[in-house]
Visitor: 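Structure provided below as C-alpha cells; questions to follow.
For the single chain, residues carry numbers from 1 onward in sequence order.
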Amino acid sequence: MDPSKLYVEYYAKLHADRAMKLWPFLLQKSERPDFISKRRELGMEVTRAAIEQWAQQEADMNRAFGDEMPGEAIEQSILADCDASGNASNEQSPIFELPQEVKDMHIGRILERIADKTRSLKEYQRCRENWLYIFSETTGLDREDMLRVQVYVDALETQPRFDQILVKVGCLLYVLRQGETLSAVPLGGRTLYRLHLRAKRLSVAESKAQK
C-alpha cells in the first residue's frame with residue numbers, strides 16, 4: 001500500500017487514541033473501515049478533505065521521492081500545526097486568515113467527504129460505534145466555520161450514518177455528533193510531533209512488509 005496513505009491513516013489513529021482516550025479499544029488496522037476494535041465495539045474510517053488539484057500534485061511528488069515519502073502536504077500541515085511553544089487551545093485562532101471563497105471551498109470538501117463516506121458506510125463492517133476522521137487540508141478554519149459543518153451533520157437523515165465525526169484542523173480535533181453541541185479537543189505541538197514520528201515509522205514499516 002502507498003506509504004503516504006498509510007501515514008495519514010496511522011496518524012489519524014494515533015491522534016484519535018490520544019485525544020479521545022481510545023486505548024481500551026485497541027484499534028487494529030483493517031479495511032472498510034480503516035481501523036476496528038477486536039470485538040467491533042468501534043470502527044473508524046479515515047479520509048482527507050483534499051482539494052483534488054493539490055492532491056494530484058502531492059501524488060506526483062510522492063512518486064518522485066519514493067516509498068519513504070509520507071505525504072508532503074499532510075505532513076507539513078501536521079508539523080506546522082502549533083506555535084513554537086507547542087501550546088494548543090480550545091479557542092485556537094487560525095494561523096492565517098483565508099478569503100471567504102477559499103474557506104467555502106475547504107468546508108465544501110469536508111461536507112463532500114462526509115456525504116461520500118456516509119453513502120459507503122452500509123458496505124463496511126458494522127460496529128457498535130462507527131466514526132469518521134477527516135483531515136482538513138488547511139489550518140485556516142475556525143469554530144464558526146465548523147459550526148456550518150455541524151449544521152450539515154445535524155440535518156443528515158441517511159441510514160446508517162456515523163455516530164461521531166472527527167475533523168482535524170490545526171491543533172484541534174473537532175468532535176461532531178448529531179444533535180449535540182460542537183466540541184474540540186486540543187493537543188500541543190510537541191504531542192502532535194511525537195504522533196507524526198510514530199505514524200511515519202509505522203507507515204514505512206508496513207509498506208515495506210507488504211512488498
Side-chain angles (χ1 to χ4, degrees), residues 8-28 30 32-50 74 77-78 81 88-94 103-104 106-188 191-192 195:
V8 168
E9 291 173 351
Y10 274 116
Y11 184 91
K13 187 263 186 189
L14 295 170
H15 189 196
D17 275 350
R18 183 64 178 262
M20 307 301 293
K21 298 179 172 58
L22 295 182
W23 302 289
F25 292 114
L26 295 175
L27 291 178
Q28 300 296 316
S30 182
R32 301 175 74 83
D34 293 311
F35 294 94
I36 195 167
S37 62
K38 185 176 181 180
R39 297 179 182 175
R40 297 190 181 181
E41 301 98 332
L42 176 62
M44 187 173 76
E45 179 72 2
V46 178
T47 190
R48 291 172 60 183
I74 200 69
S77 172
I78 288 166
D81 275 339
S89 167
N90 277 310
E91 301 301 323
Q92 177 186 350
S93 299
K103 282 191 172 190
D104 291 343
H106 283 287
I107 293 169
R109 189 58 178 154
I110 291 171
L111 301 184
E112 286 175 9
R113 298 314 295 146
I114 293 172
D116 290 346
K117 291 296 183 179
T118 299
R119 282 192 294 268
S120 300
L121 183 56
K122 60 182 179 292
E123 302 167 7
Y124 288 13
Q125 301 178 66
R126 294 295 292 153
C127 301
R128 190 181 308 160
E129 282 261 330
N130 298 277
W131 291 12
L132 176 63
Y133 182 113
I134 303 175
F135 276 95
S136 169
E137 294 287 289
T138 180
T139 59
L141 302 179
D142 57 23
R143 183 178 179 82
E144 290 301 312
D145 300 315
M146 293 306 301
L147 284 171
R148 293 169 57 186
V149 181
Q150 180 70 58
V151 168
Y152 177 84
V153 170
D154 287 342
L156 277 175
E157 297 181 352
T158 307
Q159 291 289 352
R161 57 177 174 256
F162 290 99
D163 299 283
Q164 190 154 260
I165 297 172
L166 309 175
V167 183
K168 181 188 182 300
V169 181
C171 286
L172 297 182
L173 188 63
Y174 285 96
V175 181
L176 300 94
R177 293 185 72 98
Q178 192 169 52
E180 297 187 12
T181 303
L182 175 70
S183 61
V185 182
L187 289 179
T191 298
L192 295 177
L195 300 183

Visitor: Out of curiosity, S37 OG to Q28 CD, how far, rounded to the nearest 0.5 Å?
Guide: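 That separation rounds to 9.5 Å.
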
Visitor: First locate atom CG of L42, then atom CG of N130, and finally report the distance between them rounded to the nearest 0.5 Å.
Guide: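 That separation rounds to 8.0 Å.
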
Visitor: Less than 4.5 Å apart, any side-chain heavy atom of M44 and any of V46?
Guide: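 Yes - at least one pair of side-chain heavy atoms lies under 4.5 Å apart.
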
Visitor: I'd like to know if E41 pairs up with R128 as an ion pair, taking the criterion as any Lys NZ or Arg NE/NH1/NH2 lying under 4.0 Å from an Asp or Glu carboxylate oxygen.
Guide: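 Not counted as a salt bridge, because no side-chain N and carboxylate O are separated by less than 4.0 Å.
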
Visitor: If we ignore angles and hydrogens, is there a donor and acceptor under 3.5 Å between the side chains of E45 and Y133?
Guide: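 The criterion, which ignores hydrogens and geometry beyond distance, is not satisfied for Y133 and E45.
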
Visitor: Please check if any side-chain donor atom of R161 sits under 3.5 Å from a side-chain acceptor atom of Q178, or the reverse.
Guide: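 Yes, because at least one side-chain N or O of R161 sits under 3.5 Å from a partner of the opposite role on Q178.
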
Visitor: Flag the pair K103 and D142 as a salt bridge only when some basic side-chain nitrogen lies within less than 4.0 angstrom of an acidic carboxylate oxygen.
Guide: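 The answer is yes: the pair qualifies as a salt bridge.
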
Visitor: Please report the shortest heavy-atom distance between L187 and R18, naming the atom on each side.
Guide: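 In this case the closest contact between L187 and R18 is CD1-CG, 3.9 Å.
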
Visitor: Is there side-chain contact between L166 and L176, with heavy atoms separated by less than 4.5 Å?
Guide: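 With C-beta onward as the side chain, the pair stays apart.
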
Visitor: Can you name the closest pair of heavy atoms from R148 and I107 and give their distance?
Guide: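 Minimum heavy-atom separation between R148 and I107: NH1-CD1, 3.3 Å.
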
Visitor: Indicate whether the side chain of Q125 and that of S30 have a donor and an acceptor atom separated by less than 3.5 Å.
Guide: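 Short answer, yes.
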
Visitor: When you check the gap from the basic side-chain N to the acidic O, do R109 and E137 get nearer than 4.0 Å?
Guide: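 Here R109 does not pair with E137 in a salt bridge, since their nearest N and O are not under 4.0 Å apart.
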
Visitor: As a test of understanding, state which of M20, Q150, M146 forms a side-chain contact (heavy atoms from CB on, under 4.5 Å) with V175.
Guide: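 Testing V175 for a side-chain contact (heavy atoms from CB on, under 4.5 Å) against M20, Q150, M146 leaves exactly one candidate, M20.
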
Visitor: So, taking the atom named CG in L172 and the one named OG in S136, what distance separates them when rounded to the nearest 0.5 Å?
Guide: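 It is 11.0 Å, given to the nearest 0.5 Å.
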
Visitor: Specify whether Y11 and F135 have parallel, tilted or perpendicular ring planes, treating 30° as the upper limit for parallel and 60° as the lower limit for perpendicular.
Guide: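 It falls in the tilted class, 30° to 60°.
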
Visitor: When rounded to the nearest 0.5 angstrom, what is the spacing between CD1 in I165 and CG in L156?
Guide: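 Reported to 0.5 Å precision, the distance equals 6.5 Å.
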
Visitor: Tell me, do T158 and L121 make a side-chain contact under 4.5 Å, heavy atoms counted?
Guide: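 A side-chain contact is absent here, since even the closest heavy-atom pair is not under 4.5 Å.
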
